[in-house]
There are 2 protein chains.
Amino acid sequence: MGASKTDQFTVQQNELAILAKALGHPARIAIIEYLLKVDACICGDIVNELPLAQPTVSQHLKELKNAGLIKGNFEGASICYCIDEAGFEKIKGFFQDITKHLEKRKNNCC
Amino acid sequence: MGASKTDQFTVQQNELAILAKALGHPARIAIIEYLLKVDACICGDIVNELPLAQPTVSQHLKELKNAGLIKGNFEGASICYCIDEAGFEKIKGFFQDITKHLEKRKNNCC
DNA sequence: AATAACTATCGTAATATTGCAATATAAAAA
DNA sequence: TTTTTATATTGCAATATTACGATAGTTATT
């Protein structure tokens, strides 16, 4: 064994886990924060912003893209990366549910 | 190599990544959802709610606890687990920032 | 004290992730 | 066309995660 038993959980639970997992690395958090900071699609200089080698950054970008958190389109010589709002909407929904639950919760807690 | 270069990123970026990573597994999403559903500290029957062996569940609970997403206290024969709001507040803050950014964003995107 | 019920830890195997050098690919510039 | 620039892919080593059987620890009950 060792592989995740994903088939034992709901599609929704897996979707959320995939999104959260994609954010579960400081380099990928840094990429998202950078994309938000520059407030635009960014073409080219993401590699220079991170303390990692180019193949590693490329891999992290790929994971964020697969998870649906960023989009990337060819834009001349370089590739234009930007936030994919759809992915963030899903996570936002999850946290809104949690917040709602927490607010109307009784204090029957340790 | 293979280890995460956490020291190359800010404390905040690492904190967020740790929280997100903790949510990056469907079993742990399921645990959080269950704790929210029963709307109480839950003592004992978490293992029965999950399609995983007891040691595995125990491990997932430990990870959620280490990340600061749940709390666990001894309560008689069993342990009382419940949501730790502090952890969720941190993540909420991050997503509020993102939402704010996305809202006031120009459409200078691909 | 002995038993039962619940949870944690250890040990181990299978698999996944992280990181980078080397290399490949693709488009623009010279 | 050759060179330059930007990104992706491959291959591999180091490390981390996932899962569970076996076992240990802890508390309540008998």
Side-chain angles (χ1 to χ4, degrees), chain A residues 1-9 13-14 17-31 34-35 41-67 69-82 110, chain B residues 1-9 13-14 17-31 34-35 41-67 69-82 110:
Chain A
M1 288 107 214
S4 221
K5 290 186 139 185
T6 54
D7 54 316
Q8 299 284 326
F9 300 95
Q13 286 167 339
N14 277 295
I18 287 170
L19 287 165
K21 196 173 185 177
L23 291 173
H25 191 290
R28 296 194 287 267
I29 295 282
I31 290 170
Y34 182 66
L35 284 175
C41 296
I42 214 57
C43 310
D45 56 359
I46 290 187
V47 172
N48 305 319
E49 293 294 323
L50 293 180
L52 297 170
Q54 181 266 322
T56 308
V57 175
S58 184
Q59 199 173 286
H60 283 307
L61 287 167
K62 192 180 174 185
E63 280 174 63
L64 285 169
K65 200 175 171 184
N66 286 341
L69 290 167
I70 66 174
K71 290 184 284 189
N73 303 298
F74 286 89
E75 189 83 20
S78 48
I79 286 191
C80 177
Y81 279 111
C82 56
C110 343
Chain B
M1 289 106 217
S4 220
K5 289 187 141 187
T6 54
D7 55 315
Q8 300 283 326
F9 299 96
Q13 286 167 340
N14 277 295
I18 287 171
L19 286 165
K21 196 175 186 176
L23 291 173
H25 190 290
R28 296 195 287 268
I29 294 282
I31 290 171
Y34 182 66
L35 285 174
C41 298
I42 214 59
C43 310
D45 57 358
I46 289 187
V47 170
N48 305 320
E49 293 294 323
L50 293 180
L52 297 170
Q54 180 267 322
T56 310
V57 174
S58 185
Q59 198 172 287
H60 283 307
L61 287 167
K62 191 178 174 186
E63 279 173 63
L64 286 170
K65 200 175 170 185
N66 287 341
L69 290 168
I70 66 174
K71 290 184 286 189
N73 304 298
F74 285 91
E75 189 85 20
S78 50
I79 286 190
C80 176
Y81 279 111
C82 58
C110 344

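Here is the naming used below: chain letters follow the sequence lines, and residue numbers restart at 1 for every chain. Below, each value reflects all heavy atoms present in this structure, side chains not excepted, and no hydrogens, waters or symmetry copies.
- Under 4.0 angstrom from either OP1 or OP2 of C:dA8 there lies at least one side-chain N or O belonging to B:Tyr81.
- When the nearest nucleotides of DNA chain D are assigned to B:Gly24 and A:Lys65 by heavy-atom distance, the more 5′-ward of the two goes with A:Lys65.
- Atom-to-atom distance recorded for A:Asp45:CG and A:Tyr34:OH is 3.5 Å, nearest 0.5 angstrom.
- Nearest approach of A:Asn14 to A:Thr6, heavy atoms of both residues: ND2-O, 2.9 Å.
- In the helix from C:dA1-D:dT30 to C:dA30-D:dT1, the rotation axis of the first five pairs and that of the last five pairs differ in direction by 20°, rounded to 10 degrees.
- When all heavy atoms of A:Tyr81 and A:Leu35 are compared, the pair lying nearest together is O-CD2, 3.5 Å.
- Distance, B:Ile46 CD1 to C:dA5 C1': 16 Å, rounded to whole Å.
- A heavy-atom distance below 4.0 Å to DNA chain D is reached by these residues of residues 54-63 of chain B, ordered by number: B:Pro55, B:Thr56, B:Gln59, B:His60, B:Glu63.
- Here the C1' atom of nucleotide D:dA8 and the CD1 atom of A:Ile70 are 14 Å apart, to the nearest Å.
- For the pair A:Asp45 CG and D:dT5 P, the interatomic distance rounds to 16 Å; values are reported in whole Å.
- Rounded to an integer number of Å, the gap from A:Lys71 NZ to D:dT7 P is 18 Å.
- Every side chain to side chain contact (heavy atoms under 4.5 Å, CB included) that A:Lys5 has, sequence neighbours left out, goes to A:Asp7, A:Gln8, B:Leu52.
- Distance, A:Phe9 CZ to D:dT18 P: 11 Å, rounded to whole Å.
- With sequence neighbours excluded, the residues that form a side chain to side chain contact (heavy atoms under 4.5 Å, CB included) with A:Gln54 are A:Val47, A:Ser58.
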Distance-only donor-acceptor pairs under 3.5 Å for side chains of residues 21-29 of chain B, two or more places apart:
from	atom 1	to	atom 2	distance (Å)
B:His25	ND1	B:Ala27	N	3.0
B:His25	NE2	A:Ser4	OG	2.8
B:Arg28	NE	B:Ala22	O	2.6
B:Arg28	NH1	B:His60	ND1	2.9
B:Arg28	NH1	B:Glu63	OE1	3.1
B:Arg28	NH2	B:Lys21	O	3.4

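- Spacing between atom CG of B:Leu50 and atom P of C:dT7 amounts to 12 Å, rounded to whole angstrom units.
- In this structure, of C:dG19, C:dA8, D:dC20, it is C:dG19 that holds the atom nearest to the side chain of A:His25.
- Nearest heavy-atom pair, A:Leu61 versus A:Ile70, reported as atom, atom and distance to 0.1 Å: O-CD1, 3.6 Å.
- At least one side-chain nitrogen or oxygen of A:Ser4 sits closer than 4.0 Å to the OP1 or OP2 atom of D:dA19.
- With rounding to whole Å, B:Lys21 atom NZ is found 16 Å from C:dA16 atom P.
- A:Ile18 meets the side chain to side chain contact (heavy atoms under 4.5 Å, CB included) test with A:Ala67; sequence neighbours excluded.
- To the nearest 0.5 angstrom, B:Gln59 atom CD is 6.5 Å from B:Thr56 atom OG1.
- A straight line from NZ of A:Lys5 to C1' of C:dA14 spans 13 Å, rounded to a whole angstrom.
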